[in-house]
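Hydrogens, waters and symmetry mates play no part in the numbers below; they use all other heavy atoms, side chains included. In what follows, every chain begins at residue 1, and chains take the letters A, B, ... in the order their sequences are listed. Keep in mind that what you see is a predicted model, and the values were worked out from it rather than measured.
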Amino acid sequence: MKKQIQELLLQSLAILESKEIIPASNDLVIKIENSRGSEHGDFASNIAMTLAKTAKTNPRQLAQNIIDQLPESDVLERVEIAGPGFINFYLKQNAHQATVVEILKNGHQYGNSKVGANTPTLIEFVSANPTGPLHIGHGRGAAYGAAVASLLKKTGFDVSCEYYINDAGRQMDILAISVWLRYLQHIGTEIPFPENAYQGDYIIDIAIKLHEEHTDKFVLPTDSIMPLFEEEEPELKIDGLIKYCIDNLGEKNYRMVFDAGLDSILVTIKNDLVDFGVEFNHWFSERSLVEDNTVNQCIAKLIENDWVYEKDGAQWFRSCKLGDEKDRVLIRENGQATYFASDIAYHLSKVERGFEKIIDVWGADHHGYIARVKAAMEALELSPEKLEILLVQFATLYRGKEKLQMSTRSGEFITLKQLQGEVGKDAARFFYIMRKSEQHLDFDLELAKSESNDNPVYYIQYAHARICSVFRQLPEKGINYQQAEALKNVSSLNEPHEIKLLATLARYPDVIENAAITYEPHQLAYYLKDLANDFHTYYNANQFIVDDNVIRNARLTLIEATKQVIQNGLSLLGVNAPEVM
RNA sequence: GCCCUGGUAGCUCAGCUGGAUAGAGCGUCCCCCUCCUAAGGGGAAGGCCAGAGGUUCGAAUCCUCUUCAGGGCACCA
């Protein structure tokens, strides 16, 4: 609808340009807004005010000129000038009523758009280190990333979802020796467990399973291990244990212990995400980038183009020259590549796989990392503007007033699975999405659990269930409803609440498009609350199942359309639309 | 010190990328089921949009400074 009005305005302005009332310009942006209240019509444009200055005339006069040249249209009832020079557009009733037909015709396709033009798009999210189960913080990234992906799919982007598995690096080695030490303890070895190793009970489960499958294969003499615990500095102690373990178990056996931890945790993560309604197209392994030499090739290319120098025995990337605040290490003094080095390779892979739009969803604590990744892409001539990094602020969990802590290493955290078990998938998904991603999120368990109107999820779902309930009663009352037949009656939808509801329903495609291109799924959440509110108000004001065939049929099509839009919207957020509550 | 985010009703937050009287939920106060689910609806009260400058026809929205809160500034990932 907005586009139709835009087109009309464009034609009018072209005429004014040809008459030299306004100067010609190529980059004219015509903004059409949904009016706030009905007294300002259905849509409004401020075009006259923005053009008044260059046209050297007053806005109201210019607005009149624009209206005079406006072509005939079968959707517009009338057009008025208001306030300082707004042009307000009033739609004909049947233009409103037509949205019901459009929604029911398109069904779950209603709201789809093609702005994405099939752009190959990769969105990477969650990507939590596989060192423990997903916790409450990861949940936000999961819910947000999944919602953005759904929105982009709806708007015509060719979207692929990916999880980057950090299966290389020191954190994983710490996981491996955590498993190994628990394994030794499990078979009765008296041995301490460092406080900075992974404390969670899930490590013990992995160790038990490891022992079941391999019995005593990984046992080493306790006497030779004990001296390592004399190291005072905790991190050095860990490093000593890792080195000892690799040297004495041998590369192959160490890898078995390592993989036992990795695989088991990965399975847990995958299952938890599936339960949460979040699925990925690819699980991309960091280790694979090392093993297939992509990392080395990347570094070689950087060296070739003089982006690398040596200092203190390490290899440094000149990121400073490309906008970062300091240079970054690619290869450490000990010869090992940094996480950053594999991340460069990872982004190279993303570009080489043909993605035009590359989205990374990161926790806000990674913001300092943006400059160096962009710098690396620049250095490798990978068009950094393809990369869009979306930061998600932290989620803090509350139970009423009590703040709950979380830390993977200490093992004290609420897992995503526990959260879901407690508040349910729908409330969890919706609460995560409800807040703007750059806002800190205080997730209150009590509120999410409350089955009351404090809880917007139930408010929206209730609207859907109420509509379903109405339709369930038709056969009981012996009423015949045929959608196709009933649609012929929509012209009787003239009650104020009906017009309001129609206008809100008509907004849906705009909401989807805007939420998608701004990566703001919360806009959809708020829209659905509005829609539910319009429906509940209508429900209280007007009876749907009435004796008059024409009115009843018209109303039933309207609420059926409402049901469809609620369903469409909720499904994009990963929330169910229950038929009964 | 530098870099991100935030500061809007008593509380939790929206505010459609610069527009017309600043919105919603909760809380408070009043009203609405002989009627399709009251997990609902209607109404009232409640605001110097953190503060100060600036940009312009017009600012909660853009720019600068100040201030408060959270986070980040590794040869960790």
Side-chain angles (χ1 to χ4, degrees), chain A residues 31 33-37 39-40 44-46 49-50 52-53 58-59 82-86 88 127-129 131 166 168-172 174 235 286 311-316 325-326 328-340 342-343 363-371 391 393-394 396 434-440 442 444 447 450-459 461-463 465-474 476-477 507 510-511 514-515 518 520 522-523 525-527 529-530 532-533 535-546 555-556 559 580-581:
Chain A
K31 234 179 83 184
E33 302 176 342
N34 295 305
S35 296
R36 209 170 281 245
E39 69 272 28
H40 293 130
S45 175
N46 62 354
M49 290 180 313
T50 56
K53 198 167 189 182
N58 84 64
F86 288 102
N88 290 338
S127 300
N129 288 348
T131 53
N166 300 128
R170 184 164 176 274
Q171 295 304 324
M172 290 307 297
I174 297 175
E235 298 299 325
E286 177 185 358
K311 194 182 93 182
D312 305 331
Q315 301 292 322
W316 295 73
E325 54 190 23
K326 55 194 284 192
R328 307 291 174 176
V329 173
L330 291 172
I331 301 193
R332 286 171 228 158
E333 200 179 352
N334 67 12
Q336 286 204 311
T338 58
Y339 171 80
F340 176 48
S342 26
D343 217 19
D365 54 334
H366 283 60
H367 100 267
Y369 203 78
I370 297 173
L391 295 181
Q393 292 289 336
F394 283 153
T396 318
M434 202 169 53
R435 201 100 312 158
K436 216 168 27 173
S437 60
E438 58 263 37
Q439 271 277 9
H440 296 264
D442 289 337
D444 186 346
L447 184 63
S450 74
E451 297 194 359
S452 72
N453 28 351
D454 311 8
N455 195 333
V457 193
Y458 289 100
Y459 184 76
Q461 290 181 324
Y462 183 45
R466 264 184 155 175
I467 297 171
C468 294
S469 165
V470 170
F471 279 97
R472 272 196 303 273
Q473 285 171 49
L474 295 180
E476 291 168 22
K477 298 190 174 177
R507 251 173 62 209
D510 271 349
V511 171
N514 205 43
T518 56
E520 293 185 347
H522 77 276
Q523 286 188 23
Y526 277 86
Y527 167 83
K529 272 164 74 177
D530 281 352
N533 179 249
F535 168 75
H536 286 306
T537 306
Y538 179 39
Y539 183 96
N540 273 273
N542 299 77
Q543 189 81 8
F544 309 143
I545 302 177
V546 292
R555 290 182 177 171
L556 289 175
I559 64 169
V580 186
M581 283 175 78

> Where does the angle between the aromatic ring planes of Tyr369(A) and Tyr339(A) fall among parallel (under 30°), tilted (30 to 60°) and perpendicular (over 60°)?
tilted

> For a side chain to side chain contact (heavy atoms under 4.5 Å, CB included) check, start with the C-alpha distance between Asn46(A) and Phe86(A), then their side-chain angles and the critical distance, and finish with the verdict.
CA-CA 5 Å; Asn46(A) 62 354; Phe86(A) 288 102; 4.3 Å; yes

> Tell me the interatomic distance from Gln439(A), atom CD, to A14(B), atom C1', rounded to whole angstroms.
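Distance, rounded to whole Å: 10 Å.
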
> Provide, to the nearest angstrom, the distance between the CD atom belonging to Glu438(A) and the P atom belonging to G7(B).
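Atom CD in Glu438(A) sits about 10 Å away from atom P in G7(B).
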
> Just the rounded figure in Å: distance from P of G43(B) to CG of Asn540(A).
12 Å

> Need one value for His367(A): base, sugar-phosphate or nothing, where a base atom within 4.0 Å counts as base even if backbone is also close, heavy atoms only.
base

> Which nucleotide wins on minimum distance to the side chain of Asn514(A), given the candidates G6(B), C16(B), C76(B)?
C16(B)

> If I pick the C1' atom on A59(B) and the same atom on G42(B), what distance separates them, to the nearest angstrom?
34 Å

> Taking atom C1' in both A22(B) and G40(B), compute the distance separating them and give it to the nearest angstrom.
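It works out to 27 Å between them.
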
> If you look at every strand shown and take non-hydrogen atoms under 4.0 Å, does Ser469(A) touch a base, only sugar-phosphate, or nothing?
base

> Just to verify, what does Asn88(A) make a side chain to side chain donor-acceptor pair (under 3.5 Å) with, not counting sequence neighbours?
none

> With a centroid cutoff of 5.5 Å and a plane-angle limit of 30°, would you call His40(A) stacked on A20(B)?
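Yes.
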
> Of the listed nucleotides (G71(B), C36(B), G41(B)), which one gets closest to any side-chain atom of Phe544(A)?
C36(B)

> Taking only residues two or more places apart in sequence or in another chain, which ones pass side chain to side chain donor-acceptor pair (under 3.5 Å) with Arg435(A)?
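So Arg435(A) forms no side chain to side chain donor-acceptor pair (under 3.5 Å) with any residue.
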
> Quick check on C33(B): syn or anti? Syn means the glycosidic torsion is within 90 degrees of zero.
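Classified syn.
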
> Go through the steps to decide whether Arg507(A) and Asp530(A) satisfy the test side chain to side chain contact (heavy atoms under 4.5 Å, CB included), and finish with yes or no.
CA-CA 11 Å; Arg507(A) 251 173 62 209; Asp530(A) 281 352; 4.0 Å; yes

> Using a cut-off of strictly less than 4.0 Å, decide whether Tyr458(A) has a side-chain nitrogen or oxygen near OP1 or OP2 of G25(B).
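So the side chain of Tyr458(A) is outside the cut-off, no N or O lying under 4.0 Å from OP1 or OP2 of G25(B).
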
> NA contact type, Asn129(A), heavy-atom cut-off 4.0 Å: base, sugar-phosphate, or nothing?
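Sugar-phosphate contact only.
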
> Can you tell me the distance, in whole Å, between the CG atom of Asp530(A) and the C1' atom of G25(B)?
11 Å

> Under 4.0 Å, heavy atoms only, any strand: does Arg507(A) hit a base, just the sugar-phosphate, or nothing?
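Since no nucleic acid heavy atom lies under 4.0 Å of Arg507(A), the category is nothing.
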
> Is the phosphate of G15(B) approached by Lys436(A) (side-chain N or O, under 4.0 Å from OP1 or OP2)?
yes

> Considering every strand and a 4.0 Å limit on heavy-atom distances, what is the contact class for Val511(A): base, sugar-phosphate, or nothing?
nothing

> Does the A77(B) base have a donor-acceptor partner in the side chain of Asp365(A) within less than 3.5 Å?
no

> Rounded to whole angstrom, note down the P distance from U8(B) over to G72(B).
23 Å

> With C1' as the reference atom in both, quote the distance from C11(B) to C2(B) in angstrom, rounded to an integer.
35 Å

> With a 3.5 Å limit on both atom pairs, tell me what G6(B) is paired to, counting Watson-Crick and G-U wobble, or say none.
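Partner of G6(B): C68(B).
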
> Rounded to the Å, how far apart are Phe394(A) CZ and G6(B) C1'?
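For the pair Phe394(A) CZ and G6(B) C1', the rounded distance is 15 Å.
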
> NA contact type, Glu33(A), heavy-atom cut-off 4.0 Å: base, sugar-phosphate, or nothing?
sugar-phosphate

> Taking atom C1' in both A52(B) and G7(B), compute the distance separating them and give it to the nearest angstrom.
16 Å

> Please state the P separation for the pair A9(B) and A50(B) - nearest whole angstrom.
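About 8 Å, rounded to a whole number of Å.
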
> Taking the side chain of Arg435(A) as its heavy atoms from C-beta onward, which of C73(B), G40(B), U12(B) lies nearest to it?
U12(B)

> Let me see the working for Arg472(A) and Val580(A) under side chain to side chain contact (heavy atoms under 4.5 Å, CB included), right down to the final yes or no.
CA-CA 10 Å; Arg472(A) 272 196 303 273; Val580(A) 186; 3.5 Å; yes

> Counting the atoms with a prime plus P, OP1 and OP2 as sugar-phosphate, which does His366(A) contact under 4.0 Å by heavy atoms, base, sugar-phosphate, or nothing?
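Contact class for His366(A): base.
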
> Compare all side-chain heavy atoms of Phe471(A) with those of Ile559(A) and state whether any distance is below 4.5 angstrom.
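Side-chain contact under 4.5 Å: yes.
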
> So which nucleotide from C36(B), G19(B), A14(B) ends up closest to the side chain of Lys31(A)?
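Closest nucleotide to the Lys31(A) side chain: G19(B).
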
> Who does C29(B) pair with, Watson-Crick or G-U, both distances under 3.5 Å?
G43(B)

> Kindly state whether the pair Tyr526(A) / A14(B) counts as stacked, where counting means centroids closer than 5.5 Å and planes tilted less than 30° apart.
no

> Select base, sugar-phosphate, or nothing to describe what Ala82(A) touches, counting heavy atoms under 4.0 Å on all strands.
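Base, at least one base atom sits under 4.0 Å.
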
> Name the orientation of the base relative to the sugar in U28(B): syn if the glycosidic angle is within 90° of 0, else anti.
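Anti.
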
> Quick one: do Gln171(A) and Thr131(A) satisfy side chain to side chain donor-acceptor pair (under 3.5 Å)? Show the steps, please.
CA-CA 7 Å; Gln171(A) 295 304 324; Thr131(A) 53; 6.0 Å; no

> Should Asn533(A) be listed as having a side-chain N or O under 4.0 Å from OP1 or OP2 of G41(B)?
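For G41(B), OP1 or OP2 has a side-chain N or O of Asn533(A) closer than 4.0 Å.
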
> Can you check the Glu520(A) CD to A14(B) P distance for me, whole Å?
10 Å

> Give Ala465(A) one of three labels, base, sugar-phosphate or nothing, depending on what nucleic acid heavy atoms sit under 4.0 Å from its own.
base

> What nucleotide, of A39(B), U5(B), G71(B), holds the atom closest to the side chain of Gln393(A)?
U5(B)

> Taking OP1 and OP2 of G42(B), is either one under 4.0 Å from a side-chain nitrogen or oxygen of Thr537(A)?
yes

> With a 4.0 Å cut-off on heavy atoms, is Ala44(A) in touch with a base, just the backbone sugar-phosphate, or nothing at all?
base

> Please list, by residue number, the residues of residues 332-340 of chain A whose heavy atoms come closer than 4.0 Å to an atom of RNA chain B; answer none if no residue qualifies.
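Per residue number, the list reads Arg332(A), Glu333(A), Tyr339(A).
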
> Just the rounded figure in Å: distance from P of C4(B) to NE2 of His440(A).
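So the two atoms are 15 Å apart, to the nearest Å.
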
> At under 4.0 Å between heavy atoms, what does Gln315(A) touch on the DNA or RNA strands: base, sugar-phosphate, or nothing?
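The answer is nothing, as Gln315(A) stays clear of every strand by at least 4.0 Å.
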
> Between Lys529(A) and Gly368(A), name the one whose nearest nucleotide on RNA chain B is closer to the 5' end.
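Mapping each residue to its closest nucleotide by heavy atoms, the 5'-most match is Lys529(A).
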
> Considering only the C1' atoms, how many Å lie between C30(B) and A45(B), rounded to the nearest integer?
11 Å

> Nearest to the Gln543(A) side chain among C75(B), C35(B), G41(B), which nucleotide is it?
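For Gln543(A), the side-chain atoms sit closest to C35(B).
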
> Using a 4.0 Å heavy-atom cut-off across all strands, classify Lys326(A) as base, sugar-phosphate, or nothing.
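Lys326(A): backbone/sugar contact only, no base atoms under 4.0 Å.
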
> Taking the nucleotide of RNA chain B with the nearest heavy atom to each, does Phe86(A) or Phe471(A) sit closer to the 5' end?
Phe86(A)

> Decide whether a cation-pi geometry holds between Arg466(A) and Phe535(A); the criteria are a distance under 6.0 Å from NZ or CZ to the six-membered ring centre and an angle within 45° of the ring axis.
no

> Would you mind reading off the distance between Tyr539(A) atom OH and A39(B) atom C1', rounded to a whole angstrom?
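Going from OH in Tyr539(A) over to C1' in A39(B) covers 12 Å.
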
> Distance between the C1' atoms of G41(B) and C33(B), in whole angstroms?
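About 11 Å, rounded to a whole number of Å.
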
